[in-house]
2 protein chains.
Amino acid sequence: MRTGLLVLRTELPDKRRQILNLLYLRDIFRTSFSPRLPEAALAAAVASEIWRIPSNTFETLPNSDPCLGALLSRQLAAQQSRANLHVAAIGSLNGEERVASFLIELALRIGSTSPDGIFFQIPLSRTDIADYLALNADTLSRIMSRLKARGIVVQKTRGRVLIPDGKMLRDLSPITDAIVALHGSAASTQAHHFSALA
Amino acid sequence: MRTGLLVLRTELPDKRRQILNLLYLRDIFRTSFSPRLPEAALAAAVASEIWRIPSNTFETLPNSDPCLGALLSRQLAAQQSRANLHVAAIGSLNGEERVASFLIELALRIGSTSPDGIFFQIPLSRTDIADYLALNADTLSRIMSRLKARGIVVQKTRGRVLIPDGKMLRDLSPITDAIVALHGSAASTQAHHFSALA
DNA sequence: CGGAACGTTGACTGTCATCAATCTCTGTGG
DNA sequence: CCACAGAGATTGATGACAGTCAACGTTCCG
């Protein structure tokens with residue numbers, strides 16, 4: 001995909017929904033990445049632009065250009081790693097830690113640094129965020145309220161958020177380093193806000 | 001890898017452990033599949049045999065043989081899909097459903113069909129299973145006791161288990177179909193025990 | 001036989017889900 | 001411009017499920 005943000009969403013029998021994965025710029029998605037779950041479907045969280053490549057072409061892509069093959073291989077490895085990280089987040093963090101981790105992820109991916117801190121537009125609805133973090137929407141709302149009360153996040157307008165101090169957020173998540181490694185390119189201006197060395 | 005069973009394990013600050021992924025026969029693992037989490041490490045659950053391939057060789061493998069490239073590509077897709085399925089399991093199932101899903105997975109992977117049902121040797125310690133399912137070991141023990149009381153699983157000896165009736169187990173997990181699709185090869189004698197059509 | 005590791009079980013606690021009431025935004029039409 | 005409707009978000013009261021801690025069983029070693 002070229003721009004935008006996609007979610008891989010599924011819905012189990014009892015109206016239990018879960019967002020399995022977020023897909024960002026330059027991520028690769030194949031139908032076969034999605035397990036055969038009921039209602040599993042890709043949906044655009046924000047307007048997105050996608051390149052479609054026929055499956056055959058995709059599988060023989062590396063043959064045409066060795067360098068492309070290596071790139072592809074690394075991209076897929078990074079996505080696998082992100083999926084594993086998400087397992088760790090959902091499986092071993094509590095609500096607040098999950099939300100903090102998610103905010104760090106967004107800040108690295110779509111944040112822009114300003115003198116006041118890191119700004120970004122939250123690209124998902126509350127419900128989608130809750131589904132992504134395996135939390136209830138009500139619980140998510142409560143956690144966000146607590147974070148706002150503590151001044152860790154500041155809500156500017158609907159869906160627009162400011163993180164005044166990356167270090168405070170950093171300390172709320174035990175997996176910050178892994179998130180930075182996977183979502184913050186070395187060149188990212190946001191990454192250093194969360195870096196342990198900063 | 002060629003034989004055995006590997007676990008990708010991590011351990012966060014407060015002795016919270018999580019098993020991110022199980023690796024079975026013919027699965028592919030690269031260091032870069034593992035997020036940079038504290039203590040992230042591969043460990044053998046049972047004696048395992050592994051092929052090591054230098055990273056460069058790996059990335060250029062597809063160039064040497066187009067057919068191999070396609071195979072590789074599909075294998076990686078299947079593993080991605082399994083990671084996503086595991087997110088769904090941990091994120092949206094309750095304890096009993098997770099355990100049922102895990103038992104189905106094992107039955108498909110390492111079970112052998114007998115007149116009495118499906119037999120297998122549980123290849124992980126209680127603690128590891130709990131970490132894989134994002135449950136507490138005590139809770140896991142309680143759930144297993146309940147399943148035994150209901151006759152859904154029968155414990156033969158330490159770590160050796162019999163599933164008398166696959167259909168009963170099947171109905172305990174809302175994601176059975178997806179598990180069968182990913183872990184049961186079409187040829188597997190176990191797969192039909194869990195199939196909706198059986 | 002004894003010790004260590006692992007597993008089980010019960011009583012209690014804490015976190016998160018559920019349900020319901022209220023509030024806030026956003027867009028629409030008078 | 002305001003009123004209104006509807007969706008989404010917030011908040012509180014309550015309950016269920018899983019986690020914690022501690023005691024006791026079991027298995028498997030030397």
Side-chain angles (χ1 to χ4, degrees), chain A residues 7 11-19 43 45-46 89-103 121-150 153-161 172 174, chain B residues 7 9 11-19 43 45-46 89-103 121-150 153-161 172-174:
Chain A
V7 301
E11 185 160 350
L12 302 183
D14 279 309
K15 60 183 154 46
R16 286 183 287 190
R17 298 196 318 158
Q18 175 75 38
I19 286 183
V46 301
I90 286 182
S92 53
L93 303 187
N94 64 27
E96 187 176 280
E97 292 168 336
R98 286 183 220 174
V99 173
S101 303
F102 177 65
L103 290 173
Q121 180 99 28
I122 296 185
L124 298 171
S125 73
R126 282 298 208 243
T127 317
D128 280 347
I129 301 173
D131 292 342
Y132 179 58
L133 299 177
L135 287 171
N136 182 287
D138 301 343
T139 303
L140 172 62
S141 177
R142 265 181 265 272
I143 292 170
M144 284 299 288
S145 298
R146 266 177 261 147
L147 292 180
K148 281 183 234 161
R150 290 159 60 188
V153 306
V154 178
Q155 183 140 32
K156 306 309 263 186
T157 66
R158 179 85 136 197
R160 188 139 185 91
V161 141
L172 291 183
Chain B
V7 301
R9 183 190 282 128
E11 186 160 349
L12 301 184
D14 315 288
K15 58 184 152 55
R16 287 182 288 189
R17 297 196 317 158
Q18 175 74 38
I19 286 182
V46 303
I90 285 181
S92 53
L93 304 186
N94 65 27
E96 187 176 281
E97 291 167 336
R98 287 184 219 173
V99 173
S101 303
F102 176 66
L103 290 173
Q121 180 99 27
I122 296 186
L124 297 172
S125 73
R126 282 302 208 239
T127 317
D128 279 346
I129 300 174
D131 293 341
Y132 180 58
L133 299 176
L135 287 172
N136 184 290
D138 302 330
T139 303
L140 173 61
S141 177
R142 264 181 268 271
I143 293 171
M144 285 298 289
S145 298
R146 264 177 262 147
L147 292 180
K148 280 183 234 161
R150 290 158 62 187
V153 306
V154 178
Q155 182 140 29
K156 305 310 261 186
T157 64
R158 179 84 136 199
R160 189 139 184 88
V161 143
L172 291 183
S173 165

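Heavy atoms only: backbone and side chains are in, while hydrogens, waters and symmetry mates are out. Proteins come first, then strands; the chains are lettered A, B, ... in the order of their sequence lines, and each starts at number 1.
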### Query
Near DNA chain D, under 4.0 Å by heavy atom, which residues of residues 129-142 of chain B?
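Listed by number, they are B:Ala134, B:Leu135, B:Asn136, B:Asp138, B:Thr139, B:Arg142.
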
### Task
Check whether any side-chain heavy atom of B:Leu147 sits under 4.5 Å from a side-chain heavy atom of B:Leu103, and report yes or no.
yes

### Query
Taking the side chain as C-beta and beyond, is there a heavy-atom pair between B:Leu124 and B:Phe102 under 4.5 Å?
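In contact.
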
Protein-nucleic acid N or O pairs under 3.5 Å, nucleotides 24-26 of chain C:
none

Measure [atom1]/[X] against [atom2]/[N] and give the value in whole Å, please.
{"X": "A:Arg98", "N": "C:dA17", "atom1": "CZ", "atom2": "P", "value": "7 Å"}
{"X": "B:Lys148", "N": "C:dG7", "atom1": "NZ", "atom2": "P", "value": "11 Å"}
{"X": "A:Asp14", "N": "C:dA17", "atom1": "CG", "atom2": "P", "value": "15 Å"}
{"X": "B:Leu147", "N": "C:dT8", "atom1": "CG", "atom2": "P", "value": "12 Å"}
{"X": "B:Arg126", "N": "C:dT9", "atom1": "CZ", "atom2": "P", "value": "10 Å"}
{"X": "B:Asp128", "N": "C:dG7", "atom1": "CG", "atom2": "P", "value": "9 Å"}
{"X": "A:Ile90", "N": "C:dC16", "atom1": "CD1", "atom2": "P", "value": "14 Å"}
{"X": "B:Leu124", "N": "C:dG7", "atom1": "CG", "atom2": "C1'", "value": "15 Å"}

I'd like to know if the side chain of [X] reaches the main chain of [Y], judged simply by a donor and an acceptor atom lying under 3.5 Å from each other, with no hydrogens or angles considered.
{"X": "B:Asn94", "Y": "B:Glu96", "result": "yes"}
{"X": "A:Ser101", "Y": "A:Glu97", "result": "yes"}
{"X": "B:Arg98", "Y": "B:Ala134", "result": "yes"}
{"X": "A:Gln18", "Y": "A:Asp131", "result": "yes"}
{"X": "B:Asn136", "Y": "B:Asp138", "result": "yes"}

### Summary
A:Arg146 meets the salt bridge (Lys or Arg N to Asp or Glu O under 4.0 Å) criterion, sequence neighbours left out, with none

### Message
Using heavy-atom distances to pick each residue's nearest nucleotide on DNA chain D, tell me which of B:Lys15 and B:Leu93 is more 5'.
### Response
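The residue closer to the strand's 5' end, by nearest nucleotide, is B:Leu93.
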
### Query
Is any side-chain N or O of B:Thr127 closer than 4.0 Å to OP1 or OP2 of C:dG7?
yes

